Amino acid sequence: MLNNIKITDITKTKKGYNALFCENGFLFSVDDLMLVQQKIKIGSCFNGQELNLIYEKSNTNKAVQKAYNLLSFRSHSKKELYTKLCKSFDSDCAMSACDKMEDLGLINDEEFCRAKAEYLINIKKCSLRETKLKLLTLGINKDIIESRIANYDNETQADNLQHLLQTKYRNKLDNPQKVFASLMRKGFSYYDIKSAMRNLEIDIEDEY
């Protein structure tokens, strides 16, 4: 930005920010707090370095507010929140906002992993393998995932398979081979599926 830039106008945006203008047109927008903190008013003059600093602080503040909004709907992993913020802000602003959310205890990957794993396994009846993959895509550290998944045993998998066969796949059991293949794609093991089907007296060809 050029040196000795004079603020010629300040107008409210639809989102409630303050749009700053100079003789050459629009500069950027800031929130009310930044306006007061930096003593920005019509006629104020700033050099390029000062404006760059205001711009960076303003964007970080906006990223923080965006993070608050996203977390008000549901919890996020740190990577998931960072990825969403990067759609609107640069990486430094996005990471600063994520770090603040972490410092405030609003994001916690270990707690997020615990709750998400419990939901996927106990509510959605996902296999442990599928659960691990979903958690990895959300950016959860592999060691954290392994420590949480370790709380679930083979009996949990067997119960989930029984539930799925008696509910989701109940009307598809006239084609057990197709059901078997579907459960395999969901990450359940060959032997667990075979055992669950036998327990429910579902006939399956020997090739499975």
Side-chain angles (χ1 to χ4, degrees), residues 1-120 122-124 126 130-142 144-145 148:
M1 293 182 178
L2 299 175
N3 291 329
N4 302 320
I5 296 175
K6 182 178 181 180
I7 304 300
T8 58
D9 194 15
I10 302 174
T11 63
K12 278 289 184 183
T13 70
K14 291 181 179 179
K15 293 185 177 181
Y17 293 116
N18 303 283
L20 307 182
F21 293 85
C22 67
E23 291 180 353
N24 293 324
F26 174 71
L27 288 168
F28 52 86
S29 62
V30 300
D31 59 22
D32 291 340
L33 182 61
M34 184 63 63
L35 202 67
V36 174
Q37 287 179 337
Q38 300 299 322
K39 300 178 181 180
I40 303 171
K41 58 185 179 179
I42 295 176
S44 298
C45 290
F46 301 92
N47 61 40
Q49 185 177 358
E50 291 170 334
L51 280 177
N52 277 329
L53 184 60
I54 292 172
Y55 175 77
E56 290 173 3
K57 287 184 176 180
S58 177
N59 267 4
T60 298
N61 288 347
K62 291 176 185 177
V64 167
Q65 289 303 315
K66 179 70 172 179
Y68 281 132
N69 290 337
L70 289 170
L71 293 173
S72 70
F73 290 102
R74 68 169 179 82
S75 60
H76 289 65
S77 68
K78 188 172 185 178
K79 181 181 178 182
E80 183 185 20
L81 182 62
Y82 171 78
T83 300
K84 287 186 177 181
L85 291 176
C86 281
K87 293 179 180 179
S88 303
F89 307 96
D90 64 49
S91 60
D92 288 341
C93 290
M95 185 53 69
S96 293
C98 287
D99 287 342
K100 182 168 185 176
M101 296 301 104
E102 193 170 39
D103 290 341
L104 292 172
L106 296 178
I107 55 174
N108 181 312
D109 278 1
E110 289 191 8
E111 177 58 26
F112 177 84
C113 182
R114 182 201 64 76
K116 193 70 173 179
E118 183 176 326
Y119 170 76
L120 291 171
N122 294 335
I123 305 301
K124 298 292 288 183
C126 293
E130 184 178 18
T131 299
K132 289 179 184 179
L133 289 174
K134 287 180 180 292
L135 291 171
L136 282 171
T137 61
L138 291 172
I140 304 298
N141 180 276
K142 185 177 180 180
I144 294 176
I145 295 173
R148 293 301 178 186

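Excluded from the calculations below are hydrogen atoms, water molecules and symmetry mates; all remaining heavy atoms, backbone and side chain alike, are included. Numbering starts at 1 and runs along the sequence shown. As the structure is a computational prediction, the values presented were derived from the model and not from experiment.
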Completion exercise
dist K84:NZ -> K66:NZ (nearest 0.5 Å) comes out at 9.0 Å
Handout entry: Side-chain donor-acceptor pair present, K124, T131, cut-off under 3.5 Å
Key = no
Exercise for the section: Determine yes or no for a side-chain-to-main-chain donor-acceptor pair under 3.5 angstrom, with K62 supplying the side chain and F89 the backbone. Expected result: no
Handout entry: Inter-residue atom distance R148.CZ - K132.NZ, 0.5 Å rounding
Key = 15.0 Å
Problem - Expected output: side-chain D109 to main-chain K78 donor-acceptor under 3.5 Å - result: yes
Handout entry: Salt bridge R74-E80, side-chain N to carboxylate O under 4.0 Å
Key = yes
Exercise for the section: Report yes or no: does S58 contribute a side-chain atom to a donor-acceptor pair with the main-chain N or O of Y55 at less than 3.5 Å? Expected result: no
Problem - Under 3.5 Å donor-acceptor, E56 side chain and L53 backbone - result: no
Practice task
In plain terms, say whether R114 and E110 are close enough for a salt bridge, that is, a side-chain N and a carboxylate O under 4.0 Å apart.
Solution key: no
Handout entry: Separation of L138 CG from I145 CD1 (nearest 0.5 Å)
Key = 8.5 Å
Practice task
Using the side chain to side chain contact (heavy atoms under 4.5 Å, CB included) rule, take I7 and F46 through it: C-alpha gap first, then chi angles, then the decisive distance, then the call.
Solution key: CA-CA 8 Å; I7 304 300; F46 301 92; 4.0 Å; yes
Problem - Ion pair check, K12 and D32, cut-off under 4.0 Å - result: yes
